[in-house]
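Quick notes on the structure that follows.
Values reported hereafter were calculated over all heavy atoms of this structure, with side chains retained and with hydrogens, waters and symmetry mates removed. In what follows, chains carry the letters A, B, and so on, assigned in the order in which the sequence lines appear, proteins first and then strands, with residues in each chain numbered from 1.
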Protein chains: 2
Amino acid sequence: MNAAVQPLTARGEHSRAAIFDAALALFQERGYESTTMRAIADRAGVSLGSSYHYFASKEHLVLEFYSHTHQLHLAAIGPLLARERDLAARVRGTVRAVVVTCEPFHDFAGAIFSTVANPASPLNPFGRESKALRDEVIGLYAEVVKGSDTRIAPDIMSELPTLLWLYQMGILYFWIWDRSPGRLRTLALIDETTELIVRLVGLANLPVLRGSRKSALRLVRSIAEGQF
Amino acid sequence: MNAAVQPLTARGEHSRAAIFDAALALFQERGYESTTMRAIADRAGVSLGSSYHYFASKEHLVLEFYSHTHQLHLAAIGPLLARERDLAARVRGTVRAVVVTCEPFHDFAGAIFSTVANPASPLNPFGRESKALRDEVIGLYAEVVKGSDTRIAPDIMSELPTLLWLYQMGILYFWIWDRSPGRLRTLALIDETTELIVRLVGLANLPVLRGSRKSALRLVRSIAEGQF
DNA sequence: ACCGGCATTTGAACATGTTCAACTCTGAGG
DNA sequence: CCTCAGAGTTGAACATGTTCAAATGCCGGT
C-alpha cells in the first residue's frame, strides 16, 4: 500500500473529488462491501488506477468520509455552542448532532465502524493515521466543556474531553444497532447518559468524594497512557 | 456463503480437524491476514474446496478458534471456581485466566477482534451465529457470581453476568493494545477494576443508594433490550 | 459382486482489492 | 514553437476469498 498523493493541479483536484463523491454516493446506495473500487472509478469517470493514486486503499476512502462527516457535524453544532452555556445541553446537543449528521449513512456505518475498530487497520481510532482527526474531535469536546458555565476542576478537565470522545464512540456503536423508528432509542439514551455524566462531574466536586475522584482519574489515566 | 457442513464420517471428522489445526498454527505463525485459505488447505493436506466444505468462510475459522479458546479457559478456571468463594477473587481469577489463555494468540488477536466487532459480520458478538458461545460465556459469569459468598440482590444478579461479559470484552480490547512486558498493565487493570466492580456491587445494597441503583439498572436494561 | 445414493473432495473459475510499469498530458523554460 | 520533467492516467496482471459443478470414495441393500 503506497502512500496516496495530494493533487497538485486543478485537474488532480477534480479527479480526487470525483472519486470521493462517487464513493460516497455508492456507499449510500449499495453499502460498503457491495461497492467495488471498479464501480467507484467508473462512476467517477476515471480508471481504477487513478483511484489508488489518490486513496491508498478502500479504507482510506472511509477515513475521508469520516473527516467529511466531521465537517458536517461542526457546521451543525456551531450555533448551539455559540449560544448555549449549560453543560448538559452542550454535550447532549453535540452528541445528538453526531447521530443526526450520520443518519444518512446509517446503513453502511457498521462496515465503517468495523474498519475503525480494527487494531490492525492503520485507520483505527487509536492509530497514527487517524490522529489528526481524533485530536480534532477531542479538541471539539474540550471546547464543549470549556464553553459551559459549569466549574470543573482542572484534573477532571484534562481528562474529560477524551472521555467524552470515547463516550461518543460508545453512543455510535449503540446507534449502529438501533433499529427503532427515528432512532429514538439512541436519542433517549443520549439524554439519559449526558444527564448522568453531568451529574457525576458535579458530584466529583464534593469534598467527600475526593478520594474516589482521585482513584477514578488515576484509573482513567492509566488506561489512556501508552495508547495513542 | 453456504452453510458449512458437519462431518458425518470419521474421514470427515479428520479433515475438519486437520483444517482447523492448520489454520490455528498458521494464524499463530503468520497472523490472520497473511494466512491464506490456500496455505491452510495445503498444510491440512486437503484441497481449497474442502476447507469451504467445513468452514463457510475464513471468519468462521475464527469463530471456531474462539470456541476453542473458551474450552481452554474453562479448563483453566475450574479449580479456582471450585475452591474460591470471595467474589472479587473469583472475578479477578476468571478474567485473568482469559488473558493468560489468549496470550499465545496475542499477535493476531487484533484481527480477530475486528472480525468480532464488525456488526456486518455474522460472527459479531451480538449476532445470531455467535449466540451459542455468547450464552455460554454469560452463563460462566453467572456461575462465577452465584458461587460466591457475597449476597447480591436479584435485580442486580439478573444483569451482572451480561455486564461482566461486556467487561471482559473491554479488558480484551485493552489487552490487544497492551505492549507492556508480561502484559502487566492489563493484569494491573484487571485487579483495579474487579476491585471497583465488587465495591460497587456492595454499595448497591445500601438503602441510600436504592434510587441510583434502580435508575442505573433501568439504563442497563434499556441498553441491552433489543440487542441480541 | 453390483448398484445407488450420499458424503466428501477437487480444482478451475470468478470477484474484487491492490500493484505497477508504461503511457499521456501539461505547463514552464528556452 | 520545441523540450522535457513530472503530475496524472491507464489497464493489465496479481493475490486471495469464495463458488460450484463435476469427480471420487464409501457403504448399505440386493
Rounding to a whole Å, what distance do you find between Tyr54(B):OH and dT18(D):C1'?
18 Å
Anything under 3.5 Å between a protein N or O and an N or O of nucleotides 11-17 of chain C, put it in a table, one pair a line.
from    : atom 1 : to       : atom 2 : distance (Å)
dG17(C) : OP1    : Thr35(A) : O      : 3.4
dG17(C) : OP1    : Lys58(A) : NZ     : 3.0
dG17(C) : OP2    : Met37(A) : N      : 2.7
dG17(C) : N7     : Arg38(A) : NH1    : 2.8
dG17(C) : O6     : Arg38(A) : NH2    : 2.7

Phe55(A) near the nucleic acid: base, sugar-phosphate alone, or nothing, with a heavy-atom cut-off under 4.0 Å?
nothing
Do Phe27(A) and Phe20(A) have their ring centres less than 6.0 Å from each other?
no
Under 4.0 Å from any atom of DNA chain D, heavy atoms only: list the residues of residues 10-22 of chain A that qualify, in numerical order.
Arg11(A), Gly12(A), Ser15(A)
Does Thr9(B) put a side-chain nitrogen or oxygen below 4.0 Å from OP1 or OP2 of dC26(D)?
no
Contacts of Glu136(B) that satisfy salt bridge (charged side-chain N to carboxylate O under 4.0 Å, His left out) - sequence neighbours left out:
none
If we count only N and O atoms by modelled type, under 3.5 Å, do the side chains of Tyr141(B) and Thr94(B) hold a donor and an acceptor together?
no
Round to the nearest Å and state the distance from Leu8(B) atom CG to dG28(D) atom C1'.
15 Å
Atom NE2 of His53(A) to atom P of dC25(C): distance rounded to whole Å?
16 Å
When you measure from the centre of the six-membered ring of Tyr52(B), is the NZ or CZ of Lys58(B) under 6.0 Å away and within 45° of the axis?
no
Contacts of type ring-ring contact (aromatic ring centres under 6.0 Å, His included), residue His106(A), not counting sequence neighbours
Trp175(A)
Pairwise salt bridge (Lys or Arg N to Asp or Glu O under 4.0 Å) hits with a residue in residues 96-106 of chain B, at least two apart
Arg96(B)-Asp191(B), Glu103(B)-Arg183(B)
How about Phe65(B) and Phe108(B): are their ring centres within less than 6.0 Å of each other?
yes
In chain order, what residues pass the salt bridge (charged side-chain N to carboxylate O under 4.0 Å, His left out) check against Glu29(B), with sequence neighbours excluded?
Arg43(B)
